[in-house]
Structure formats: C-alpha cells, structure tokens
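Proteins get letters first, then strands, A, B, ... in listed order; numbering begins at 1 in each.
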Amino acid sequence: MSIAPRLDRDIVAAPTDGRPVGPAVLRAAGLSKQFGGVTVLADVTLDVLPGEIHAIIGENGAGKSTFMRLLSGYIEPTEGKLSMAGRDVRFAKPDQAQAAGIALVHQEILLADALTVVDNLYLGRELTRNGIVDDARMRALASAKLAELGCEVSPTALVRDIPLADRQLVQIARALLDHHRVVIFDEPTAVLTGGEVERLLAIIFDLKARGVAVLYISHRLDEVQRLADKVTVLRDGKMVGTYPGHTLTQIDMARLMVGRELAALYPPKRTDKAGAPMLVVRNATVPGFAEDVSFSVRKGEILGFAGMIGAGRTELFEGILGLRPATAAIELKGVPMRIRSQREALDAGIGYLTEDRKGKGLLLQERLGPNLTLSALARFHRGPVMRTSLETDALAKAVADYDIRVKSLVSRAGQLSGGNQQKLLLAKVLLTDPSVVIIDEPTRGIDIANKAQIYVFIQDLVAQGKACVVISSEMQELVGLCDRIIVMREGRISGEVSGEEMTESNIALLATSERAQLAQGGSQ
Amino acid sequence: MTALIQSAPASSARQYRFSWADAGPFLALAALLALGFLINPDFLSPTNLANVITRSAYIAIIAVGATFVISSGALDLSVGSMVAFIAGITIMFMNIMAPSLGVWAIPAGMAVAVVTGLLCGLANGLVVTVGQIEPFIATLGTMGIFRALITYMTNGGTIPIDRSLREAYRPVYFGTVAGIPIPILISAAVAALGAFVLYKTKYGRRCAAVGASEDVARYSGISVVSTRTIAYVIQGACVAIAAICYVPRLGAATPTTGQLWELQVITAVVIGGTALRGGKGRIWGTIAGAVILELIANLMVLSDFVSEYLVAAVQGVIIIIAMLVQRFSK
Amino acid sequence: MTALIQSAPASSARQYRFSWADAGPFLALAALLALGFLINPDFLSPTNLANVITRSAYIAIIAVGATFVISSGALDLSVGSMVAFIAGITIMFMNIMAPSLGVWAIPAGMAVAVVTGLLCGLANGLVVTVGQIEPFIATLGTMGIFRALITYMTNGGTIPIDRSLREAYRPVYFGTVAGIPIPILISAAVAALGAFVLYKTKYGRRCAAVGASEDVARYSGISVVSTRTIAYVIQGACVAIAAICYVPRLGAATPTTGQLWELQVITAVVIGGTALRGGKGRIWGTIAGAVILELIANLMVLSDFVSEYLVAAVQGVIIIIAMLVQRFSK
Amino acid sequence: DKKVVAVSIPAADHGWTAGVVYHAQAAAKEINAAFPNVEVVVKTSPSAADQVSALEDLSASRKLDALVILPYTSEELTQPVKAIKDIGTFITVVDRGLTDASIQDLYLAGDNIAVGANTAKFMIDKLGGKGDIVVLRGIPTVIDDERIKGFQDTIKGTGIKVLDIQYAHWNSDEAFKLMQDYLAKYPHIDAVWANDDDMLLGVLEAVKQSGRTDIKLALGGNGMKDIVKKVIDGDAVTPVETPYPPAMIKTAIYMTVANLIGQAPVRGHVKLDAPLITQANAKEYYFPDSPF
Ligand SMILES: Nc1ncnc2c1ncn2[C@@H]1O[C@H](COP(=O)(O)OP(=O)(O)OP(=O)(O)O)[C@@H](O)[C@H]1O
Ligand SMILES: Nc1ncnc2c1ncn2[C@@H]1O[C@H](COP(=O)(O)OP(=O)(O)OP(=O)(O)O)[C@@H](O)[C@H]1O
Ligand SMILES: [Mg+2]
Ligand SMILES: [Mg+2]
C-alpha cells in the first residue's frame with residue numbers, strides 16, 4: 001500500500017524504499033516509537049551511506065526529530081533495531097552513539113546556560129594535560145572551530161549571554177569538534193541568516209567530501225534541494241519513501257510531505273493603502289545592541305525587519321517592549337506612552353512573539369491550555385474564578401485554527417514537535433488580541449504547508465486593521481509577505497525598501513555593506 | 001486532521017483519570033495509618049487521631065502558604081520565628097487592649113496578627129524580589145531577626161496572655177464545632193481557599209508560571225517581582241492564622257515558640273508532592289504531608305521499640321522511606 | 001560585520017579583567033574589617049584576627065565541601081550533625097585504642113574519622129541520587145539520623161577524649177607552624193585542593209555542568225548520579241577533616257555539637273558568590289564567606305551596642321546588607 | 001583604672017537561660033551604676049563552641065580582672081577557662097563545675113542531681129512508694145542528664161515505675177504534644193515529671209484538655225514564677241517545686257565584684273541547695289518581675 005501521492009510527472013528513479021544500495025554506515029530497520037501508547041514513528045527503515053547527504057523532510061510532527069533522536073541514542077526505539085557497518089548496535093545513551101561516531105545537532109538548543117561556550121563545547125570530553133584540564137588548548141581549538149562557522153563569540157562568554165543564533169552555531173560546533181561518521185542536523189538553519197547558512201552548507205559539503213554521512217532536516221526546501229543526495233519523506237510517522245534528491249523539485253517535496261495539493265505559499269498582498277500610523281518609535285537605543293532607531297508602522301501594514309545575525313533586531317524590540325534596558329520615544333495611535341514591561345505593552349495592545357520559544361516562550365513542563373492562556377488570563381475569568389471550560393474551548397479552537405498537531409489536549413508543551421510548539425506560541429500571542437503584533441521569526445521550524453497558513457493569518461490580522469512587524473531571517477519570506485522592509489546593520493537602520501526595490505539582493509546589500517546601490521527589481 | 005479530532009475526546013477523558021503520582025502522599029498516609037494500627041491499636045482511637053490532626057493544623061496552615069512560595073520558585077525559612085514574633089505581638093496587643101475592650105481585645109488582636117503577618121511577608125518578599133537576594137539567605141536573615149525580636153520582647157522569657165482573656169480565647173484551639181476541633185476546620189478552610197487561589201485564579205497560574213520559568217513569565221507579561229512578593233504575603237497571612245490558633249493552646253509566646261517549624265513546613269510541602277524547584281504546587285498533598293509528619297512523631301511515642309535517643313533517627317528514616325515509596329510508586 | 005569583529009577581542013580581553021562580581025565577598029570582608037576597626041580598634045589586633053580566622057576554619061573546611069555539593073545542584077543539611085557524629089566516633093575509637101596504641105591512637109582515630117566521613121557522604125549521596133529524593137529532604141532525614149546517633153552514643157551526655165591523649169592532640173587546634181595556627185593552614189590546604197579539583201580537573205567541570213543542567217550533562221555522557229554522589233563524598237571528607245580539627249578544641253563531643261552549622265555553611269557558600277541553584281562554585285569566595293560570618297559574630301562580642309537579645313537580629317541584618325552590597329556592586 | 005569583670009553565659013534559648021540573662025544584666029547594670037571603677041560586661045553564646053570563641057574574644061581584646069562563667073558543658077570549657085586563668089584572671093564558675101576544680105577561684109554550684117532527687121523523694125512519699133509515672137526530658141546536655149540521674153537513682157528499688165521517658169527539648173509545645181501522646185498511650189498515669197517548668201506548662205494544658213483525673217501529681221523544676229504561684233495558691237496537682245534559681249548568676253557576680261574591690265578575699269565553693277518549695281516557703285522564691 002503506497003501512501004505516496006501521484007506526482008505531476010514521473011520521478012526519474014522510483015522510490016528506493018531504503019533498500020541497501022551500498023555499505024551503509026548506519027542502518028535503521030523497522031524502527032518504531034511509541035510515547036505512552038501513541039505511535040509517533042512506525043516501521044521506518046533507512047540506510048545511510050558514507051559521503052552521502054540524506055535529507056529527511058515531513059510536516060510538523062511527522063516524526064523527524066523523534067527519528068533522529070532514536071538514531072543518536074537520546075531515546076530508545078519501541079521496536080526495530082540499528083546497525084552500523086553491518087553490526088547490530090544499541091544506544092542506551094547519547095554518549096554511546098557519540099562514541100560510535102554519531103553526533104546530533106538538536107532542533108531545540110541543548111546547552112547549559114550557566115556555563116561558558118568552551119565548557120559547553122567540551123562537556124564530557126574535556127582535554128587534559130597530566131590530569132589537569134587544558135583550558136588554553138580547548139579555548140584555542142574552540143575559537144578556531146567557531147571561526148570556521150563564522151561565529152564570533154568569545155569562547156569564555158556565558159551561553160546565557162549570547163544571542164540565539166550564536167547558540168545554534170555553538171551547538172553545531174560541538175557536533176563538529178570530533179570526527180564523526182554520521183552527523184545529524186535537525187533544522188540547523190532555523191535561526192541562521194543568509195551568510196551563516198552559506199557557511200554551514202559549505203561545511204556540510206566538506207563533511208560529505210571527507211566521507212562523512214550527513215542526515216539533514218529542514219523545512220527550507222531550497223536548502224534540501226541544493227544539498228540532498230537522497231530525500232526521505234515522513235508523513236504521520238510513516239515512511240512515504242526515499243527519493244534521489246536532485247530529481248525532486250520543491251513542489252514535489254511539498255506534495256510528498258503533505259499528501260495533497262498546496263495553495264500558493266504567499267497570499268496576495270492587499271492593494272488598499274495602509275492607514276494612519278499605529279506605532280511610532282523614535283530614537284530607540286538599546287545599549288550595546290541598537291542605536292538611535294526610528295520607524296513607524298501603519299494600520300493595516302506589514303513592516304519587515306531584515307538583517308544579518310547580530311544586527312540587533314531582537315534586542316531592539318525587546319528594548320522597546322520593556323524587556324531590557326532601553327530608551328525610546330513611543331507613540332501608539334498618536335498617544336505618547338512609556339512601556340516599562342511586557343505587561344504594559346500587552347495592556348497597550350502590543351503583542352510580541354519571542355524568537356526563543358524554549359527559553360522565553362513556552363513552559364515546556366506545563367500543559368497546553370495554561371501555556372496558551374498565560375498572557376491573556378484576564379479573558380478566561382468570570383469574577384475571580386478561572387473558567388477552565390473557556391480555556392479548553394480556546395485550546396480546541398487554537399488547535400484547529402493553527403493546525404497544531406497534538407496527540408492529546410492534555411499533553412505538555414514539551415511533548416509537541418518543534419513546529420507545533422511554534423504554532424502554539426503564535427496562538428498564545430494572538431490570543432491577547434493585540435492591535436500591533438511584533439513577530440520575531442514567525443515561521444521558525446514550521447513546515448511549508450503551515451507556513452502558507454501562517455502567512456494567511458498575518459494578512460488576516462492586518463486586514464482587520466491591526467499593524468504587524470515581522471522580524472525574519474528568511475529574506476524570501478519578508479519579500480513575499482511585507483509591504484515595506486527596514487534593514488538593520490550593526491544596531492542601526494541601514495536602509496528601507498518597498499515596492500520594486502523589495503528584492504532579496506537589495507536587502508542583502510543593505511544588510512552587509514556600508515553604502516549600497518540598490519537595483520530595481522521585482523518587475524521581471 | 002482526522003487523527004486529531006479522534007484522539008481529542010479520548011485524551012480529555014484522561015484528564016479525570018486517577019493519577020498515581022498525585023495520590024502518592026495519600027497512599028503514604030494510608031500506609032502509615034495501617035502501620036500505626038498494627039503497632040498500637042490506640043493509634044486509631046478517635047481521641048488520638050483528633051489530637052494529632054489538630055496538632056498538625058499549624059504546620060498545615062503555614063505549609064499552605066509555603067506551597068505558594070515554593071511553587072513560585074522561592075523558599076521561606078523564617079516562618080517558625082515569624083509565628084513566634086506574631087504570637088508575641090498579638091498577645092502584647094491583646095493584653096494592652098484587654099482592660100478597655102474586654103473580650104473584644106481578642107478579635108482586635110487577631111486583626112493585628114493578620115496585619116503583622118502581611119507586613120512580615122511583604123518584608124520577606126521585598127528583600128527577595130527587589131533586593132534580589134537568594135531566598136534561602138534572605139529568609140535565614142529575617143529568621144534571625146524575628147527570633148531576636150521575640151526574644152527581646154519577652155526578655156528571653158514568656159509573654160503570657162492576660163488571664164481575663166484566657167478562657168474566652170481557649171476554644172479557638174480546644175473547641176469543636178459539630179464534634180470537629182476548630183483548628184482542623186480552620187486548616188481545612190485555609191487549604192480550600194489556598195487550593196482555590198492556586199488552581200482557580202489568575203494569580204495561581206502566574207505563581208506557578210514564575211516558578212517554572214522566570215523568563216517565560218516575564219515574556220508573557222507577568223511581573224516576577226509582584227507575583228513572588230504576593231506569594232510571600234500569602235505566606236505571611238497563613239503564618240498569622242497559624243499564630244492565632246497557636247496562642248490559645250498554651251496561652252503564651254516564648255523565644256522557643258515555632259523553633260524548627262520551617263523545616264517541618266518545607267518537609268510537609270515536599271512530602272505532599274510539590275517540587276522544591278518550583279512550578280508546581282499541591283495544596284492537598286501539603287495537608288497530607290503535614291498530617292504524615294505529625295503522625296510519625298505520634299507513632300514514635302505510641303510505639304515502644306525506639307530508644308528515646310533514637311527517635312530523631314527513626315523519624316528521619318521514615319521520612320526518607322515515605323519519599324522513596326512516593327518516588328517509585330510512579 | 002566590523003563591529004562584531006572588533007568586539008570579539010574586547011570580550012576575550014574581558015576574561016582577564018578584574019571582575020567586581022567575583023571580588024564581591026572580598027570587598028564585603030574588607031568593609032567589615034574597616035567597620036570593626038571603627039567600632040573597636042582591638043578588632044584588628046593580630047591575636048584577635050588569628051583567633052577569629054582559626055575559628056572560622058571548621059566552617060570554612062566544611063563549606064569547601066558544600067561548594068561542591070551546591071555547585072552540583074544539590075544541598076546538604078546534615079553536615080552539622082555529621083560533625084558531631086564523626087567527632088563522637090573518633091573520640092570513642094581513640095579512647096578505646098589509647099591503652100594499646102598510646103599516642104598513636106590519634107592518627108588511627110583520624111583515619112577512622114576520614115573513613116566515617118566518606119561513608120556518611122556516600123550514604124547522603126546515594127539517597128539523593130539513586131533514591132532520587134530532593135536533597136533538602138534527604139539530608140534533613142540524615143541530619144536527624146546523625147544527630148540521634150550521637151545522642152545515643154553519648155547517652156544524652158558527653159564523650160570526652162581520654163586525658164592521656166589530650167595534650168598530644170591539643171596542638172592540632174592550638175599549635176602554630178611558622179607562627180600560623182594549624183587550623184588556618186589546614187583550611188588553606190583544603191581550599192587549595194578544593195580549588196584545584198573544582199577548577200582544574202575534569203571532575204570539577206562535570207560537577208558544575210551537572211549543577212547547570214542535568215539534561216545537558218546527561219546528554220554529554222556525564223553520569224549525574226556518580227558526579228553528584230562524589231560531591232557528597234567530598235563533602236563527607238571535608239566534614240571529617242573539620243571534625244578532626246574540632247575535637248582538640250573542646251576535647252569532647254556532645255549531642256549539641258555542630259548544631260546549626262549547616263546553615264552557617266550554606267550561608268558562607270552563598271555569601272562567597274556560589275549560586276544555590278548550582279552550576280558555579282567559588283571556593284575562595286566560600287572561604288571569605290566563612291571568615292565574614294565569624295567576624296560578624298566576633299564583632300557582636302567586641303562591640304557593646306547590641307542588646308544580648310538582639311544579636312541574632314543584627315547578624316541577620318548584616319548578612320542581608322552584605323548580600324545587597326554584593327548584588328548591587330555588580 | 002577600671003576593673004573589668006566579664007560574664008559569659010548561655011544565650012536565652014529557653015525560660016531558665018532567659019532568667020540567667022535577665023539576672024546577669026540586672027547585676028551588671030546595678031554594679032556599673034554603683035561602682036564607677038568596675039565595669040561588668042555580659043556576653044551570651046548560643047553553643048559551647050561559641051562560648052569558647054567568646055572567651056577568646058573577651059580576653060584577646062582587654063585585660064580581664066575577673067571572669068564569671070556559666071559553662072555550657074564542663075568538659076568542653078575546662079581548657080579554655082584555664083587559658084584565661086593562666087593570664088591572671090580571677091575565675092568564678094557558676095552552676096556546672098569544670099573538670100579541673102583547681103581552676104575555680106570561686107565556685108557557686110547549683111545542684112541538678114538534687115533537683116531530680118528531691119522531686120523523686122517527694123513523689124515517692126506522696127504516691128506511697130508505688131505508682132506509674134511518665135517523664136519528660138529536656139535537651140540532651142549535662143543538666144538534663146544530671147537531673148534524670150538524680151531522679152532515677154532515687155526511685156530505684158521503690159514501686160515507682162517509669163512508664164516512658166522522652167525528650168521534649170525544654171519546649172512547652174513539644175511537651176504538650178508528648179503529654180497528649182502519653183495520655184493516649186497509657187490509660188492510667190499516676191504522676192508526671194517534667195524536669196523543667198517550661199515543659200510543665202505544656203503538660204498541664206494537655207492534662208487539662210484530656211479531662212483525665214488519674215494524674216495525681218505533675219511536677220516540674222527550676223522555680224518559674226507561674227509554677228511558684230501555683231504552689232503558693234495550693235494547687236493540688238503541683239503542690240511543690242524545686243528551685244534552681246537563675247538568680248545564682250547575680251549572686252556570683254556580686255561576690256566576684258566584692259572580691260575585686262573589697263578588703264576581704266572571697267574564695268571557695270558555695271553549693272546552692274535545691275530544697276523543696278512548698279506552700280509554706282514559696283513566697284521567698286516568688287519574683288513576679290523576673291521574666292522567668
Ligand atoms: N516525549 C514525547 N511524549 C509524547 N509525544 C511526543 C514526545 N516527543 C514527541 N512527541 C510527539 O511525536 C510526534 C513527532 O514529533 P517530532 O518532534 O518527531 O516531529 P518533527 O517531525 O520533528 O516535527 P517538527 O518539524 O515540528 O520539528 C509529535 O506529534 C509529538 O507530539
Ligand atoms: N551578551 C552579549 N554581550 C555582548 N554582545 C552581545 C551579547 N549578546 C548579543 N550581543 C551582540 O548584540 C548584537 C545583536 O544580537 P542578535 O544576534 O540577537 O541580533 P538579531 O538581529 O536579533 O539577530 P537574530 O537574527 O539572530 O535575531 C550582536 O552584535 C551580538 O553579537
Ligand atoms: Mg522536529
Ligand atoms: Mg533575533
């Protein structure tokens with residue numbers, strides 16, 4: 001029984017169905033995983049060959065991360081087995097998999113906040129000389145490895161103090177420090193911007209050249225298309241098939257993942273003129289991150305913020321919203337106001353979706369309902385009493401509206417797949433019914449079908465007369481969605497593009513170079 | 001999304017399912033009662049049980065407050081000294097008022113107790129939140145302060161309550177309503193109110209959220225400072241109520257009043273299933289924990305196995321076993 | 001990315017820069033010395049300082065162990081009772097051996113102390129890690145157990161050390177080497193060794209990692225159970241060393257020996273800049289913290305301002321102020 | 001030059017020690033006012049180790065002409081007090097003698113053994129030589145130990161049977177609970193002995209609550225004013241009391257000062273009696289202004 005949809009045209013090679021083609025470094029045979037009786041991965045078989053880049057794609061909650069965690073010893077399969085180079089292996093713990101040469105770059109960042117970058121990199125495999133830890137050498141090697149990835153943080157900085165993107169690079173560096181036979185990347189580029197992505201892809205090609213097998217998960221199908229020798233598609237925990245990579249178009253991949261026809265990714269932009277200014281920010285300065293930034297966003301407008309990693313966009317908005325020390329003159333609907341905390345921002349009708357969903361967005365140990373309503377508790381009250389029935393209704397509605405794939409409405413947030421957590425977070429922010437919505441990385445980790453849905457949501461918001469700011473590292477997304485894009489560089493605004501000028505190359509220019517000569521695009 | 005829609009009803013049914021983890025403290029309680037009965041049948045005599053549960057009322061009432069503080073991710077070591085301090089203030093005030101107000105000095109004194117409790121809690125809360133001092137150290141400091149104040153107020157001796165108020169006040173500890181001792185009723189009321197606030201109000205949600213993750217709370221528009229401060233204020237109110245029940249028992253406050261209660265309170269909360277790292281509070285478990293502690297002490301006296309010197313050891317062992325049973329019954 | 005590239009070297013330079021946060025406890029120490037001098041010039045007399053620092057040695061030595069336990073994300077409330085228990089065992093053993101071994105009973109007894117300490121620490125560690133019991137509760141339980149054991153061993157009284165050993169053992173507390181009291185040398189040695197292990201060995205790194213995040217540590221192939229157990233064993237060894245220094249000072253062990261030392265130890269560690277939630281340990285800060293506590297107590301004796309009843313309050317206030325100074329000097 | 005008298009006593013952690021602190025401070029105040037050339041300094045310590053520290057601190061910062069000390073324990077304080085004696089300080093020891101008696105220039109002894117023994121004698125007498133009793137102990141220290149020893153040695157061989165003995169830490173609350181439990185456990189109790197009056201208060205409340213009438217005697221010890229008042233009032237259950245007056249510290253301080261400034265040397269051993277306080281003599285032991 002094949003659940004693969006018919007493609008428009010025949011794929012040149014038929015699905016290989018994971019049949020061994022050569023000597024596999026790692027072979028998964030009939031892997032299944034159940035969580036509390038719910039099957040999230042069923043009978044998956046896969047061969048990973050040396051020097052091969054093997055992409056795993058699928059919708060949010062399809063079981064990709066679960067699969068990767070099984071391969072790298074973070075969890076143990078309910079059924080099925082693993083073998084390496086023909087010999088059966090069992091990993092009860094991640095370090096056993098690591099010792100066998102398998103490294104995983106986690107989708108959710110897994111670093112100890114209170115430790116330094118170098119301590120995190122060498123955790124559990126410290127270098128020593130005569131029994132004494134050799135800090136100098138570890139620091140030097142760490143610096144070198146980080147520099148290779150284009151990450152400029154000091155090895156002795158505390159992880160808690162460095163930006164999210166750098167944490168991701170540190171995590172990648174950790175997997176690359178030792179020589180592994182299989183390296184697994186679970187959405188490594190979700191928090192990275194163009195330059196870093198390019199550098200990472202180069203490193204992955206380099207791994208391939210050295211005969212390392214790479215497993216690669218991403219919702220950015222363009223990356224998959226560039227990288228993958230093979231693509232394995234998962235849907236609802238089941239294998240759809242394994243296909244030769246270069247023969248698949250992005251549209252093919254999307255169809256295989258979703259199992260149905262997809263609408264256009266970006267909804268049409270509204271043609272009506274945006275209204276009066278909703279939010280005006282003048283001379284916003286966030287010490288150390290952003291300086292003298294002024295902008296305004298109008299009713300019914302989607303304003304994009306673009307920039308490279310470290311441009312200071314996140315910190316700028318956290319400063320404006322009272323989440324970190326900053327100075328700014330703010331006017332909301334023409335009324336000057338001071339915002340000293342997120343509470344005041346919410347009361348004024350400004351919602352903010354953080355880019356760090358694990359650290360700042362969701363209580364992973366808490367159930368879905370309380371997570372959803374946490375910012376909008378007042379709406380679930382009658383008198384002094386919380387109305388849990390209202391909360392349950394809101395959750396059911398959010399689950400349906402945002403297509404959050406949950407196995408149970410009483411799950412905990414940490415049990416959701418990454419993309420579904422992101423959707424829950426979005427639902428949480430929009431539940432406060434803000435008139436200005438600031439969304440930092442709206443589609444991080446969200447699959448292509450749902451991306452389209454989220455874009456529709458954002459368009460709906462502005463259609464209702466709200467104003468929306470979208471901060472994104474995906475330039476394509478900004479171009480597809482926004483009416484106007486402000487580009488930041490080194491904490492300052494380096495330019496603004498709209499209309500014809502709104503192209504990826506122009507944004508990249510403004511984001512990287514001192515004086516950019518913008519080219520006219522768009523019309524072709 | 002058929003899968004979803006099908007699975008949703010099944011799982012919302014699960015919500016009402018019996019949870020072994022939550023039942024842990026109650027199972028431990030039942031086991032202890034059974035053990036007690038085997039050792040000495042008098043253990044289950046109504047008088048003995050009534051005595052023990054009445055005695056556990058103070059710790060239970062304070063521990064309800066501690067459940068808030070602990071689930072908000074903090075700790076309060078000062079509660080024992082605070083009981084003594086509030087009891088001292090209350091008695092002094094009642095004694096001063098007795099000549100003019102007569103028996104009405106008692107409710108007036110109770111009001112003073114509550115106000116003092118709220119202020120003490122507020123002080124603790126502000127030192128911890130605004131002062132940003134580790135709760136352990138901050139409340140260790142205020143513990144010394146409250147203890148020293150009651151020692152100072154009593155000159156190291158005793159402040160007894162005025163004889164004229166003694167008999168009128170006695171029923172608050174020794175009286176019964178419909179056969180149930182008043183302290184038990186009060187602690188049940190405090191627990192019910194606590195459970196309501198923690199589980200059924202905005203504040204309860206926020207309290208648990210702050211304990212689970214300060215950052216997430218802050219980014220959700222919750223003020224960590226005020227949420228945690230309010231938890232300490234609630235703790236102060238609970239301590240005041242405990243002090244109000246305490247005073248009529250012996251009719252006096254001394255510098256040894258409430259000594260080491262803080263440890264009992266924290267133990268009761270933890271035995272009850274609340275995690276010390278915060279984010280989760282179990283009011284009813286806490287009550288069970290307080291009763292368990294008092295039952296263990298009672299069992300030590302009622303049994304004849306244990307040398308007087310070793311009572312503390314056996315108590316320690318039983319507590320550890322109770323925790324182990326709880327942990328591995330999951 | 002010029003700004004970025006420029007900022008990188010700046011921040012790696014920062015690493016060697018003077019850190020106010022780390023200097024906090026030493027600044028507080030200096031401030032206290034100055035204050036002491038103002039109140040009573042004798043405060044800075046060499047004899048007084050030598051006395052105070054010698055005295056702080058026990059707490060300092062135990063607190064070095066506690067720095068490991070706390071930076072591994074746990075807590076040990078049993079150290080005070082453990083000192084009493086180990087002191088009791090040691091004296092009993094020395095007294096039994098004295099007739100046959102003569103003065104050699106002293107080193108033999110010291111060996112017994114260390115072995116007992118290691119075993120006590122191991123017991124604590126296993127209850128916490130294998131038993132998966134909240135450290136607060138687990139060590140509260142063992143605190144009761146050790147305290148009861150010493151009470152049992154002394155029959156509620158005192159175990160004095162044999163007269164024949166007393167003079168030979170005295171120098172371990174009262175002697176000096178090159179003019180420096182021996183306990184100061186021992187605590188310096190323990191601290192130096194502790195700092196070496198915590199900062200310069202794999203184990204130290206892993207200890208902090210376990211405290212910073214159990215999950216991350218586990219995923220990095222670090223055994224949380226063995227790392228934390230070893231921290232408790234180190235704590236046990238430190239307690240044993242403290243007990244060895246303690247015995248010659250008072251020449252006896254009683255059921256009240258070491259009472260409330262656990263709170264002093266934890267306070268010393270936290271004043272020293274170690275966070276109670278784990279992940280970071282500051283051995284030298286801990287030593288400064290222990291000295292600060294002893295200086296505050298000394299100041300209370302040397303000054304004449306404070307009513308005897310209020311000593312605890314003033315100590316509490318000074319500790320809170322010291323923490324505030326530390327916090328806001330950052 | 002001023003003569004310095006240092007007074008080192010336990011911190012006020014329960015009623016009796018509070019009485020000691022009260023009387024010591026009263027003495028210091030009176031003497032400092034009356035004799036301009038004498039300075040009395042009172043220091044309290046919460047434990048034996050702290051008391052040793054306090055001695056070191058007091059003697060390090062100034063020359064002490066005399067030291068009046070109520071030691072926590074004999075064993076542990078002997079050496080440290082000797083060290084102070086060795087620098088020429090006059091030593092007055094109160095209540096608990098040091099293990100080396102030659103250190104003490106003046107020794108004012110309370111008699112804890114007698115407290116236990118006298119109470120026991122009265123009880124044997126009153127119960128007619130037989131009966132079932134329960135006992136509450138204090139904190140495991142020398143005082144507690146000696147009182148219990150005095151009591152148990154006296155009842156040995158009589159028909160008095162100790163049903164149960166447990167610690168209640170000289171704390172009224174613990175005593176209340178313990179007595180409740182004793183009452184639940186033993187259907188018949190003839191008498192209770194709490195070796196300290198703080199505990200007796202808790203015991204009396206528990207007995208009152210239970211409404212039991214089998215308890216013929218509930219005795220304490222130490223001479224707390226509320227209990228002495230009961231004796232004066234002729235209470236049936238608590239007809240006697242044993243004094244262990246915390247005021248002995250005051251006597252000791254006065255005697256020490258007399259030695260320093262007076263002509264005649266005051267030396268030697270003074271043993272304070274622990275006679276039974278009965279309705280007849282109770283007024284002599286009643287100090288309504290003392291906190292104890
Ligand atoms: N610990 C867990 N307990 C229960 N269910 C879990 C747990 N972990 C994952 N799941 C469920 O397993 C399914 C697959 O999750 P997984 O994280 O593998 O998805 P994914 O393909 O990586 O999705 P995404 O693209 O969103 O990251 C989800 O429905 C998720 O809710
Ligand atoms: N703790 C820190 N100490 C010093 N500099 C820092 C620290 N954290 C961030 N920075 C710097 O602040 C700037 C802005 O950081 P950040 O990467 O968060 O911006 P961003 O535009 O939001 O990027 P992203 O696209 O990842 O959201 C960068 O120059 C970064 O290196
Ligand atoms: Mg995933
Ligand atoms: Mg950002």
Report task. Quick one: pull up CD in Glu134(B) and OG1 in Thr267(C) and give me the separation to the nearest 0.5 Å. Result -> 10.5 Å
Query raised in the report: Highest number of heavy-atom pairs under 4.5 Å with chain B: which of Thr154(C), Ile266(C), Leu149(C)?
Result: Ile266(C)
Query - Side chain / backbone / both / neither for Met153(B) at chain C, heavy atoms under 4.5 Å - result: neither
Query raised in the report: Side chain, backbone, both or neither: which part of Val130(C) has an atom under 4.5 Å from a heavy atom of chain B?
Result: backbone
Requested in this report: Tell me, out of Gln315(B), Arg277(B), Met323(B), who's got the most heavy-atom pairs with chain C below 4.5 Å.
Outcome: Met323(B)
Report summary line: Greatest number of non-hydrogen atom pairs under 4.5 angstrom with chain C, of Ser81(B), Gly316(B), Ala275(B), falls to Gly316(B)
Query raised in the report: Among Val127(C), Leu140(C), Ile133(C), which residue forms the greatest number of heavy-atom pairs with chain B at distances under 4.5 Å?
Result: Ile133(C)
Report summary line: Between the CG atom in Leu324(C) and the CD atom in Gln132(B), the distance rounded to the nearest 0.5 Å is 9.5 Å
Report summary line: Taken to the nearest 0.5 Å, the spacing of Ile145(C) CD1 from Leu310(B) CG works out to 10.5 Å
Query raised in the report: Can any side-chain N or O of Tyr152(C) pair as donor or acceptor with the backbone N or O of Tyr309(B) at less than 3.5 Å?
Result: no
**Report entry** Derivation and outcome, side-chain contact (heavy atoms from CB on, under 4.5 Å), residues Val270(B) and Phe136(C)
**Finding:** CA-CA 9 Å; Val270(B) 176; Phe136(C) 192 100; 5.7 Å; no
Query raised in the report: Side chain, backbone, both or neither: which part of Ile319(C) has an atom under 4.5 Å from a heavy atom of chain B?
Result: side chain
Query raised in the report: So which part of Thr142(B) gets closer than 4.5 Å to some heavy atom of chain C, the side chain, the backbone, both or neither?
Result: both
